Amino acid sequence: MEQDRQDVYSPGEIEGKWQAAWDDRGTNSFTEEMFRSAQEPFYNLMMFPYPSAEGLHVGNIYAFTGADVHGRYQRLTGKAVFEPIGFDAFGIHSENFALKQGVNPMDLTPKNVANFTRQLRRIGGMFDWDHTVNTSEPDYYRWTQWIFVQLFKAGLAERKEAPVNWCPDCMTVLANEQVINGLCERCDTPVEQRRIAQWFFRITDYAQRLLDNLKNIDWSETTLKAQENWIGRSEGATLKFPVLATTTEGPEGPLPPGVTAWVPAEGTPPISVFTTRPDTVNGATYMVLAPEHPLVAEITTPDRKAEVEAYQEEAAKLDLVARQKVDKTKTGVFTGGYCTNPATNQPIPIWIADYVLIEYGTGAIMAVPGHDQRDFEFAEVFDLPIPRVVAGPGDDADTPLEEAYVGDGVLVNSGHFDGLPWREGARAIVEWLEKRELAEPQVNYRLHDWCISRQRYWGPPIPIIHCDKCGPVAVPEADLPVVLPRLEDFKPDDSGVSPLARVEEWYKTECPECGEGARRETDVSDTFLDSSWYFLRYPSTDHEDIPMDAEITKRWLPVDCYIGGEEHAVLHLLYARFITMALKDMGQVDFEEPFLKFRKHGLIIREGAKMSKSKGNVIVPDPIIEEFGADTFRIYLMFLGPFAEGGDYRDEGIQGPFGFLHRLFDTVVSAIANSQPDTPPDPQVEQKLHKTIKQVSEQIPNLQYNTAIAAMMEYLNAARAGGRQAVRAEVEALVPLVAPFAPHLAEELWERLGNEQSVFEGANWPAFDPQKVAEETVKIAVQVNGKLRGTVEAPAGSSQEEVESLARAQENVTRHLDGTTVRRVIFVPNRLLNFVVG
RNA sequence: GCGAAAGUGGCGGAACUGGUAGACGCGCGAGAUUUAGGAUCUCGUGGCUUAGGCCGUGGGGGUUCGAGUCCCCCCUUUCGCACCA
């Protein structure tokens with residue numbers, strides 16, 4: 001048979017043709033009417049990219065393709081699928097790059113966005129280009145600022161001076177989440193601590209809800225675990241240790257040098273500590289305050305002052321890397337002060353040490369060296385007593401401790417609490433101390449408030465005006481957006497304030513309340529605020545005067561399926577949940593979890609490492625799409641491995657999917673040319689087809705794209721086996737089946753099959769016939785003592801007798817049965833027959 | 001240290017509630033067609049083998065007629081968190 005030129009699969013032509021057709025026909029775009037009336041709305045969201053100057057990389061394409069496959073599948077099953085994409089264009093990434101290149105981010109960003117848009121169109125995503133967002137545009141960040149104002153009004157935004165992570169290279173404050181092992185996540189510079197006035201969102205108010213709701217959402221298990229760990233709930237108690245004055249006269253028994261009497265210190269509040277092990281309080285032989293603890297100065301005795309202050313200074317200078325080194329030998333200084341252990345009533349010395357962190361709990365601990373390894377190490381260095389108060393199995397009250405014992409056990413050396421299992425002991429001791437107002441049950445969270453301000457340029461100005469009379473006042477909503485001015489000099493400096501603070505004509509303003517001269521906040525907000533609500537904006541981008549249309553939001557949100565990278569498991573996802581919850585409490589939305597279902601995708605590995613510029617193993621997508629087409633590239637990426645786990649990118653591997661699409665094209669085109677529409681399918685091929693439909697239909701919703709593709713390849717091989725000519729009825733259903741993966745090719749074949757509408761509008765997801773999936777004959781394994789000795793073919797549902805007689809007819813089986821006694825026969829219908837012989 | 005996931009051919013990876021390990025693809029081998037090809041198409045491809053089998057899913061035990069899958073111990077790798085009291 002001769003094929004004319006037109007009938008050779010040429011992805012370049014086909015893809016250009018269909019991308020243009022989708023645009024012209026508005027195949028993927030929603031109208032206002034569609035938003036309001038869609039019957040089965042399905043919001044298919046993927047994490048929007050930061051538009052880098054390098055363009056889309058394979059990791060982006062992998063993620064978007066996987067999400068797009070899912071969206072296209074949902075659409076083929078009849079849902080109205082809204083699949084938007086946008087650009088996370090504000091932030092330090094863009095700003096740093098602009099600084100390096102000596103260009104203005106206001107000029108650079110639109111170029112990058114245009115390039116990303118071009119590339120995103122090329123990969124054939126089902127994106128609604130009429131509803132995109134760009135976080136750096138005033139029509140978007142107007143509403144980012146609006147959200148800030150809402151939180152401010154609700155008392156959830158507050159300004160406080162706080163020790164913050166300062167990156168001396170980026171010259172900005174970082175959130176705890178952006179500090180990786182004490183290094184800046186962007187530039188790997190050791191982070192320092194500074195005290196600056198900062199804006200915080202009170203996410204900790206929502207800690208328990210953020211934790212509780214995890215039970216009600218369908219997310220990847222690992223992501224839920226990550227969130228849970230990040231929130232870090234721990235249950236325990238605060239215990240109070242009254243402070244003793246140490247300079248009073250009148251000796252009473254043996255006292256440490258410098259101490260003349262034990263009397264309560266007048267006017268000094270007791271020191272609170274948080275502990276998860278109140279049962280061990282009898283073993284608390286000393287107390288440790290963080291060097292920054294506010295009571296240090298008050299407690300320190302004059303003779304210790306110099307040493308204590310030197311240590312405080314040292315600790316402040318230490319960057320977080322050095323401070324957080326776990327294997328570092330414990331250091332610390334005795335303050336000269338004492339307090340009373342509320343359980344033993346004994347005086348214990350108060351130390352300061354940098355292993356106690358000011359930001360967690362109360363910034364002070366009761367040190368129980370016998371049952372906390374850190375305290376143990378400290379006590380060893382400074383030769384402090386290490387009593388045992390919990391006895392494990394086989395221990396008694398005097399068993400010496402080689403290291404801290406943290407296992408199960410019963411209390412010892414704890415007065416009338418001796419003998420209680422530790423959990424019960426904890427409860428009893430707290431109750432007992434509570435009566436004397438020295439204890440209180442307490443829950444603590446590792447989660448910190450979200451530091452939202454950045455002393456940078458490339459972000460939304462925080463919409464606050466500082467007035468000497470009225471304090472911080474929100475910019476009136478009618479005056480939003482507070483437009484980010486174009487600055488030629490936007491380089492951050494060491495001053496601790498944003499470059500915007502250099503522009504007097506920008507920050508000078510009037511107080512919206514009293515009309516006096518006032519000053520705009522010059523800090524900008526964290527990029528994570530931009531991305532914490534973008535999914536709320538997408539369906540409402542046609543509405544300029546409101547952040548979101550209530551009716552549309554009600555119909556389309558929460559998001560039905562969100563797909564993104566595991567690297568955002570704690571940062572972005574937690575912030576988005578928090579903002580949504582806060583908006584719910586303000587009555588702005590009627591749901592509190594934004595993402596009903598979240599699935600993470602894996603990473604693409606190449607040459608044994610994650611693709612990155614520094615490793616030099618990056619694949620630039622454009623030439624590959626040029627050579628093989630987007631459809632092939634999409635299939636190749638989805639075929640690498642399970643989508644949730646990522647895959648190993650090997651350059652030669654793309655030949656397989658390329659060949660598959662070639663064969664698919666040829667097979668369908670020649671079936672159209674060479675068979676009548678009503679030619680019946682070969683029964684065996686038809687059966688295989690129904691099995692394939694079943695498999696693909698089950699695997700796509702589970703994101704098992706690799707096996708779905710394998711199933712289609714297998715089917716195509718079967719339909720063409722031995723060079724046979726497939727008929728139309730055998731291949732027609734393959735077109736919608738492959739459409740989520742290779743949308744351009746599917747459209748082309750769908751059209752050649754004589755359809756006018758897009759395959760995504762006109763086709764139904766093929767159904768399989770359960771009758772046809774059922775096997776008529778089955779291959780049954782025949783084993784002797786569990787070892788395979790043959791297989792027999794038998795009608796499905798054959799009885800054990802029938803199968804057994806077939807099996808015994810096989811020479812290879814009888815040979816193994818000869819001279820033995822069959823003791824038992826195991827029969828699994830349609831699967832296996834096992835002779836157990838002795 | 002804590003938490004999570006994972007170890008299967010030369011490689012990426014399949015394998016439903018325990019039931020023929022290695023689907024699909026890459027690579028490799030043989031052949032066909034071709035002036036030629038890094039093109040296309042067919043067939044083959046876990047190892048060993050005395051050709052009957054034997055051995056094989058990180059290692060070692062166990063349960064079972066039967067284990068990649070279940071149980072116990074150990075090893076390795078990757079990722080996340082990490083002095084959080």
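Source: prediction; values computed, not measured. The chains referred to below are lettered A, B, ... by the order of the sequence lines, with proteins before strands, and numbering in each begins at 1.
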Audit row: Leu211(A), Gln208(A), side chain to side chain contact (heavy atoms under 4.5 Å, CB included) steps and yes/no: CA-CA 5 Å; Leu211(A) 185 64; Gln208(A) 191 60 49; 3.9 Å; yes
Taking the basic N atoms (NZ, or NE/NH1/NH2) and the acidic carboxylate oxygens, is any pair closer than 4.0 Å for [X] and [Y]?
X: Lys779(A); Y: Glu793(A); value: no
X: Arg277(A); Y: Asp372(A); value: no
X: Lys240(A); Y: Glu440(A); value: no

Distance, nearest 0.5 Å, that separates CG of Asp354(A) from OH of Tyr311(A): 3.5 Å
In whole Å, what separates the [atom1] atom of [N] from that of [M]?
N: U33(B); M: U17(B); atom1: P; answer: 49 Å
N: C16(B); M: C11(B); atom1: C1'; answer: 27 Å
N: G31(B); M: U78(B); atom1: C1'; answer: 43 Å
N: G53(B); M: G58(B); atom1: P; answer: 27 Å
N: G22(B); M: G47(B); atom1: P; answer: 14 Å
N: G56(B); M: G46(B); atom1: C1'; answer: 8 Å

Can you tell me which nucleotide in [options] comes closest to the side chain of [X]?
X: Arg446(A); options: C81(B), G27(B), C24(B); value: C81(B)
X: Glu714(A); options: C16(B), A85(B), C24(B); value: C24(B)
X: Lys330(A); options: C83(B), A82(B), G12(B); value: C83(B)
X: Asp354(A); options: G19(B), G10(B), C83(B); value: C83(B)

Measure from [atom1] on [X] to [atom2] on [N] and round the result to the nearest Å.
X: His293(A); N: A85(B); atom1: NE2; atom2: C1'; answer: 13 Å
X: Arg831(A); N: G19(B); atom1: CZ; atom2: P; answer: 7 Å
X: Tyr649(A); N: C11(B); atom1: OH; atom2: P; answer: 21 Å
X: Phe660(A); N: C26(B); atom1: CZ; atom2: P; answer: 12 Å
X: Arg650(A); N: G10(B); atom1: CZ; atom2: P; answer: 14 Å
X: Phe376(A); N: C83(B); atom1: CZ; atom2: C1'; answer: 16 Å
X: Glu645(A); N: G80(B); atom1: CD; atom2: C1'; answer: 16 Å
X: Glu359(A); N: A82(B); atom1: CD; atom2: P; answer: 11 Å

Between Arg599(A) and Ser220(A), a side-chain donor and acceptor under 3.5 Å: no
Glu802(A) and Ser799(A): side chain donor to acceptor below 3.5 Å: yes
Expected output: side-chain Asn341(A) to main-chain Ala284(A) donor-acceptor under 3.5 Å: yes
Sidechain-backbone polar pair: His371(A) side chain, Val390(A) backbone, donor-acceptor under 3.5 Å: yes
Residues within residues 688-704 of chain A bordering RNA chain B, heavy-atom distance below 4.0 Å: none
Residue-level proximity of residues 221-229 of chain A to RNA chain B when a heavy atom falls under 4.0 Å: Thr222(A), Lys225(A), Asn229(A)
Where the chi angle of G68(B) falls, syn if within 90° of 0 and anti if not: anti
[X] side chain N/O closer than 4.0 Å to the phosphate oxygens (OP1, OP2) of [N]?
X: Ser234(A); N: A85(B); result: yes
X: Asn706(A); N: G25(B); result: no
X: Asn717(A); N: G25(B); result: yes

Candidates Tyr649(A), Tyr62(A), Phe628(A) - the one meeting ring pair (Phe, Tyr, Trp, His ring centres under 6.0 Å) with Tyr636(A): Tyr649(A)
Parallel, tilted or perpendicular: rings of Tyr9(A) and Phe665(A) (30°, 60°): tilted
Plane angle bin for Tyr705(A) and Phe643(A) - parallel if under 30°, tilted between 30 and 60°, otherwise perpendicular: tilted
Verdict with supporting geometry, Glu566(A) and Thr223(A), side-chain hydrogen bond (donor to acceptor under 3.5 Å, both in side chains): CA-CA 7 Å; Glu566(A) 182 74 338; Thr223(A) 315; 3.1 Å; yes
RNA chain B: 5'-proximal contact among Ala781(A) and Pro642(A) (nearest heavy atom): Pro642(A)
Name all residues meeting the side chain to side chain contact (heavy atoms under 4.5 Å, CB included) criterion together with [X]; count only those two or more places apart in sequence or in a different chain, and write none if there are none.
X: Lys225(A); value: Glu228(A), Asn229(A)
X: Pro441(A); value: Val430(A), Glu434(A)
X: His690(A); value: Glu686(A), Phe768(A), Asp769(A), Lys772(A), Val773(A)
X: Glu811(A); value: Arg815(A)

Distance under 6.0 Å and angle within 45° of ring axis: Lys330(A) vs Tyr355(A): yes
Sugar-phosphate, base or nothing in reach of Thr791(A), heavy atoms under 4.0 Å: base
Acceptor/donor pairs from residues 821-837 of chain A side chains to any protein atom, 3.5 angstrom cut, sequence neighbours excluded:
| from | atom 1 | to | atom 2 | distance (Å) |
| --- | --- | --- | --- | --- |
| Asn830(A) | OD1 | Gly797(A) | N | 2.8 |
| Asn834(A) | OD1 | Asn785(A) | N | 3.4 |
| Asn834(A) | OD1 | Gly786(A) | N | 3.0 |

Pair listing, salt bridge (Lys or Arg N to Asp or Glu O under 4.0 Å) test, anchored in residues 645-658 of chain A, at least two apart: Arg606(A)-Asp651(A), Arg650(A)-Glu652(A)
Nucleotides 37-50 of chain B: protein proximity per nucleotide (B base, S sugar-phosphate only, - neither; heavy atom, under 4.0 Å): ----S---------
Annotated protein contacts, base or backbone, on nucleotides 53-58 of chain B with a non-hydrogen cut-off under 4.0 Å, one of B, S, - each: SSS---
Trp351(A)-Phe378(A) aromatic ring centre distance below 6.0 Å: yes
Pair assignment for RNA chain B - dot-bracket with | for other-strand partners, Watson-Crick or G-U under 3.5 Å: (((((((..(((......[....)))((((((.......))))))(((....)))..(((((..]....))))))))))))....
Using nucleotides 62-65 of chain B, report all nitrogen or oxygen pairs with the protein that are shorter than 3.5 Å.
| from | atom 1 | to | atom 2 | distance (Å) |
| --- | --- | --- | --- | --- |
| C65(B) | OP1 | Arg824(A) | NH1 | 3.1 |
| C65(B) | O2 | Asn834(A) | ND2 | 2.6 |

